[in-house]
Number of protein chains: 2
Amino acid sequence: MGPHTIEMTNDIEHRLKNKDINPTAMRLLVLDFLTKQVAAISLNDLEKGMGPSDRITLYRTLKTFEEKGLVHSIEDGTGATKYALCEDNCDGDQHHDLHVHFYCNTCKETFCLPNTKIPEISLPKRFQTEEMNLIIKGICDQCHPG
Amino acid sequence: MGPHTIEMTNDIEHRLKNKDINPTAMRLLVLDFLTKQVAAISLNDLEKGMGPSDRITLYRTLKTFEEKGLVHSIEDGTGATKYALCEDNCDGDQHHDLHVHFYCNTCKETFCLPNTKIPEISLPKRFQTEEMNLIIKGICDQCHPG
DNA sequence: ATGACGATGCAATGCTATTGCAATGTTAGC
DNA sequence: GCTAACATTGCAATAGCATTGCATCGTCAT
């Protein structure tokens, strides 16, 4: 790492630079928005949640964040890719977020369950794992009746 | 169930009627094709594999098969939904195919691993499971080097 | 025969993801 | 400060899969 001569104006900017992402105004806004989310969001959600912005730029911002290991994408089966912030030990090459994702059939939100890890799976002979993706669908704690 | 007066001309027709699916010529052909597959197939694969047929009809045939519990669909992250035959203990309401699906990064095929079941996952308090979907990506036995 | 119903085929549409390209902003060297 | 090089942004356009509407056709029961 280089010398610590950079002046950080705030935490958001710091987190972008840490991941080697040029902190433009747009990216600061997007990361700030992502930080405030409880659930994973789609490109549509982001577009609606941000002020008037270009959809494609937001799309590419998310892609950049994903490449650099700042967010990870989730295919929850709804057809629209969802994005959520990674945990700290994530880098671009290898996402370490082997946690379970939960889709609530009631509120239609997708959540990361960072403390629920995907267990070891023993595959048939000569199958080699590189990635795992576990989506559990059901009813989330907030929507749970009673 | 009604009296066993139906004459089965072959196994394929039998399997359709067992699932309460009207055995039309098209459906016999599609089920026959599905039976011959080693990997899960997309609508495109089906269209290419069959003789000249209408894509929409094939689409609806797959949907019908899925509703009736004859096939299950797999979202493997490639963008195109894949379909594969269910195991026998499957019905329309509740798919019992809680097995792992494997996507090979080399040959790009998606396989069912019917003997590799998704283990019990203990979720945080008040989260309730209704469905599970585990996709493992890596290198399949056929593509494994050495 | 005929009427009801399911299946099929064609057309059209919606939605998400993705790329090309031009315009704009930013940075480094002179 | 000026300019070239590069990154970012915005707009237009396209690709690909999923899905629905509607007309036609076939089948079956009355």
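Here is how names work: the chains are called A, B, and so on, in the same order as the sequence lines, proteins then strands, and each is numbered from 1.
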Taking any heavy-atom pair under 4.0 Å as a contact, classify Ser42(B): base, sugar-phosphate, or nothing. nothing
Any Lys/Arg nitrogen of Lys117(B) or Glu87(B) sitting under 4.0 Å from an Asp/Glu carboxylate oxygen of the other? yes
Reckon Asn44(B) has a side-chain N or O less than 4.0 Å from the OP1 or OP2 of dC17(D)? yes
Whole-Å distance separating the OH atom of Tyr59(A) from the P atom of dA12(D): 19 Å
Would you kindly give the CG-to-C1' distance between Leu58(B) and dA18(D), to the nearest whole Å? 14 Å
Nucleic acid contacts of residues 49-56 of chain A, taken as heavy-atom distances under 4.0 Å to DNA chain D: Asp54(A), Ile56(A)
Could you state the CD1-P distance from Ile21(A) to dT26(C), rounded to the nearest angstrom? 18 Å
Taking atom P of dT8(C) as reference, at what distance in whole Å does atom CG of Leu46(B) sit? 13 Å
Figure out the CE/C1' separation between Met26(B) and dG26(D), and round it to whole Å. 13 Å
dG6(C) P sits how many Å from Asn22(B) CG, rounded? 10 Å
Whole angstroms only, please: what is the CZ-C1' distance between Phe65(A) and dT8(D)? 12 Å
Does a nitrogen or oxygen in the side chain of Thr57(B) sit under 4.0 Å from OP1 or OP2 of dG9(C)? yes
Would you kindly compare Thr61(A) and Leu43(B) by the position of their nearest DNA chain D nucleotide and give the one closer to the 5′ end? Thr61(A)
Please report the interatomic distance CG(Asn22(A)) to OG1(Thr64(A)), rounded to the nearest 0.5 Å. 10.5 Å
Could you grab the distance from atom SG of Cys104(B) to atom CZ of Phe127(A), nearest 0.5 Å is fine? 8.5 Å
Between dT18(C) and Lys63(A), is there an OP1 or OP2 to side-chain N/O distance shorter than 4.0 Å? yes
Rounded distance (Å) that lies between atom P of dG6(C) and atom CG of Asp20(B): 12 Å
Nearest 0.5 Å please: distance from the OG1 atom of Thr61(B) over to the CE atom of Met50(B). 8.0 Å
Donor-acceptor pairs are to be reported for all side-chain atoms of residues 108-115 of chain B against protein atoms at under 3.5 Å, with residues two or more places apart or in another chain.
from: Lys108(B); atom 1: NZ; to: Asn105(B); atom 2: O; distance (Å): 2.7
from: Thr110(B); atom 1: OG1; to: Asp76(B); atom 2: OD2; distance (Å): 2.5
from: Thr110(B); atom 1: OG1; to: Lys82(B); atom 2: NZ; distance (Å): 3.4

Using atom types as modelled and distance alone, determine if a side-chain donor or acceptor of Asp32(B) lies under 3.5 Å from a backbone N or O of Leu29(B). no
Check this for me: does the side-chain of Arg60(B) come within 3.5 Å of the base of dG6(C) through a donor and an acceptor? no
Can you find an N or O donor on one side and an acceptor on the other, under 3.5 Å apart, linking the side chain of Arg27(B) with the base of dG6(C)? no
When rounded to the nearest 0.5 angstrom, what distance separates NZ in Lys68(A) from CZ in Arg27(A)? 9.0 Å
Any Thr81(B) side-chain nitrogen or oxygen under 4.0 Å from OP1 or OP2 of dA18(D): yes
Any idea which of dC17(D), dT8(C), dT16(C) is nearest the Thr24(B) side chain? dT8(C)
